[in-house]
Amino acid sequence: MRTNISETIFFIDWESGLGLQAQLRETVVSAVLAGRVQPGAHLPSTRKLAEYLNISRITATLAYQELVSQGYLEASNRSSYRIASNPPGRGLENDRPASGSNPVDWSGKMKMRFEVVRQVSKPLDWRRYPYPFLYGQMDPSLFDLNAWRDCARRALAREDFILMASDFAAADDVRLVNYICSRTLPRRGIHANPDEVLITVGAQNALWMVTRLILDKGSSAVCENPCHPDTSASLLLSGARVTTVDVDGEGLPPDGLPDDTDAVFVTPSHHSPTGATMPIDRRARLLQAAAEKDFIIVEDDYEFEISYLAPPSPALKAFDSTGRVLYIGSFSKSLFPGLRLGYLVAPAPFIREARALRSLMLRHPPGHLQRTVAYFLALGHYDAVLHRMRTEYHKRHVLMAESLQREGLTVAGASAFGGTSFWMEGPQGLDADRLVQDLRQDGVLVESGSPFFPRSDAPCRFFRMGYSSIPSDNIAAGVARVRAAIDAHFRPRTE
């Protein structure tokens, strides 16, 4: 008896960005792999499917023909297609328990908890909000997508592909490492050899490896307060005793460090999240304290490229003559956050251990991605993108500053050389978590400061407003909505 598959299993998402043929193929493949359709079942004719979805018949035909070539479908005649008798994945048995049944007590099996880490809330659909004052998100209009595609294509040339397709083992892309050593690091006043550089999957991957290598349950670590939640969480999960030191307008004060310190984690060039820059004399005192108390400094040098108000100061690592500073950098902030590519700079013996640890975790970052970035840097596209970003972010910075002043909002911190955000201080009694939720209902996205104070359960009156992704024309209206929401926060709520 012939079994027919209804055309109603197909649908088109016109806003997904995925091609029509790809969506049709994905529907069939998913149904086959999930066991929702049986071998021999007939699909709707290309004419019927095209009429149902209001698409071209040739689109449906090409999608079916590609599925035939992949082995998912069989063509019984010119316009009739059925599920193949032995499609890919058919022999895989699905022995998973029924939904809701789980004989394993996972609460007792898992020895560590990671969901307790407080994260900065960023909705995945943030682009649909008209006033996204989110930090770290990109404006695609400033990025040269055609140049990126060209570099990705170059990275797939035969010679590059053979290299990329091979197992790097513990190695990194030589071109990328050489560029970092010859161009990126000298801009920060740092000189390093290739054996002192390790490519990482973003700055957080580097930070995690560093904590694993230098901290344990008997160690003592210091971080800034406030501090990026990923940094404080990594330290707490290492088992070390963690001391937080309050920052001031010049960053972390070295005089506040305890004597039994093993490692200090800092963002001296651009404190996260206030934007404060540590002056040269304070950096010298921090390095002197490290030598006297025999501790390691871990420097997260993020966003130094986004400088348009003044040249960025040299990195703390640039003043390091004893090899006590472990330097973490990232391309994700300056290119796009989904890139997830960073680097760690440290003495060669430390890099050897970090490379061995990385090999156990993820082998190495994807070879094609490394070579694509290497081409993007070497061909000058990276510097061109940074030039466009600096020009546009400068305009937005001025608009933000004017709008914040006009609305009477208090700026608690901002980078002296540029950056992409303002650290805001609300009035006493403000609950930034509640403010975030209220503003979201009004189309405005800001970030609560509470995750940056992990040891405080009290309501937080600080919040962050970024301007890397919000259109310039929307800044003033968005800031006005923030002012209105803060005012409403203190009005009595009626039943």
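The analysis underlying the following values was restricted to heavy atoms, covering all of them including side chains, and did not include hydrogens, waters or symmetry mates. Here the structure is a predicted model, which is why all the values come from computation and not from measurement.
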Q: Test Leu377 against Arg183 for side chain to side chain contact (heavy atoms under 4.5 Å, CB included), laying out the working first.
A: CA-CA 9 Å; Leu377 297 172; Arg183 296 284 300 280; over 6 Å; no
Q: Please report the C-alpha distance between Phe462 and Phe452 in whole Å, then the side-chain angles of each, then the deciding distance to 0.1 Å, and finally whether the side chain to side chain contact (heavy atoms under 4.5 Å, CB included) criterion is met.
A: CA-CA 9 Å; Phe462 294 92; Phe452 296 91; over 6 Å; no
**Q.** Partner set under ring pair (Phe, Tyr, Trp, His ring centres under 6.0 Å) for Phe422, not counting sequence neighbours
**A.** His397, Tyr467
Q. Under the side chain to side chain contact (heavy atoms under 4.5 Å, CB included) criterion, do Ser334 and Tyr382 qualify, and how do the steps go?
A. CA-CA 9 Å; Ser334 51; Tyr382 180 67; 2.9 Å; yes
Q | Flag, side chain of Ser403 to backbone of Met400, donor-acceptor distance under 3.5 Å | A | no
Q. So, Glu402 and Arg406, do they make that salt bridge, N to O below 4.0 Å?
A. no
Q. Listed by chain and number, what are the side-chain hydrogen bond (donor to acceptor under 3.5 Å, both in side chains) partners of Asn146, not counting sequence neighbours?
A. none
Q) Would you say Ser359's side chain and Ala356's backbone share a donor-acceptor pair under 3.5 angstrom? A) no
Q) Is a side-chain N or O of Tyr135 found less than 3.5 angstrom from the main chain of Thr420, in a donor-acceptor match? A) no
Q) Between Arg371 (side chain) and Ala155 (backbone), is there a donor-acceptor pair under 3.5 Å? A) no
Q) Between Asp300 and Thr267, is any side-chain donor less than 3.5 angstrom from a side-chain acceptor? A) no
(Q) Looking at Glu407 and Arg483, would you say the former's side chain and the latter's main chain have a donor-acceptor pair under 3.5 Å? (A) no
Q.
Go through it in stages, so that I can follow the logic: the residues are Tyr302 and His270, the test is ring-ring contact (aromatic ring centres under 6.0 Å, His included), and I'd like the CA-CA distance, side-chain angles, deciding distance and then a yes or no.
A. CA-CA 7 Å; Tyr302 75 102; His270 186 186; 4.8 Å; yes
Q.
Just verifying a value: how many Å separate Asn474 CG and Tyr129 OH, rounded to the nearest 0.5 Å?
A. 15.5 Å
Q) Do Tyr375 and Asp160 have side-chain N/O donor and acceptor atoms under 3.5 Å apart? A) yes
Q. Quick one: does NZ or CZ of Arg481 land under 6.0 Å from the six-membered ring centre of Tyr131, within 45 degrees of the ring axis?
A. no
Q | Flag, side chain of Asp301 to backbone of Ala315, donor-acceptor distance under 3.5 Å | A | no
(Q) side chain to side chain contact (heavy atoms under 4.5 Å, CB included), that's the test. Do Phe376 and Phe331 meet it? Break it down for me. (A) CA-CA 11 Å; Phe376 199 79; Phe331 293 112; over 6 Å; no
Q. For the side chain of Glu74 and the backbone of Ser85, is there at least one donor-acceptor N/O pair under 3.5 Å apart?
A. yes
Q: State whether the side chain of Asp125 and the backbone N or O of Arg128 hold a donor-acceptor pair below 3.5 Å, judged by distance alone.
A: no
Q: Apply side chain to side chain donor-acceptor pair (under 3.5 Å) to Ser472 and Glu392, showing your working.
A: CA-CA 9 Å; Ser472 297; Glu392 179 59 28; 3.0 Å; yes
Q.
I'd like to know if the side chain of Arg358 reaches the main chain of Ala170, judged simply by a donor and an acceptor atom lying under 3.5 Å from each other, with no hydrogens or angles considered.
A. yes
Q. Are Tyr393 and Tyr308 near enough that their ring centres are under 6.0 Å apart?
A. no
Q. In this structure, are over 12 heavy atoms from other groups packed under 6.0 Å from Gln405 atom CD?
A. no
Q. Does the side chain of Gln204 come under 3.5 Å of the side chain of Ser234 through a donor N or O and an acceptor N or O?
A. yes
Q: Please check if the side chain of Ser468 supplies one atom and the backbone of Met138 the other of a donor-acceptor pair under 3.5 Å.
A: no
Q: Would you mind reporting whether Leu176 and Leu341 have side-chain heavy atoms less than 4.5 Å apart?
A: yes
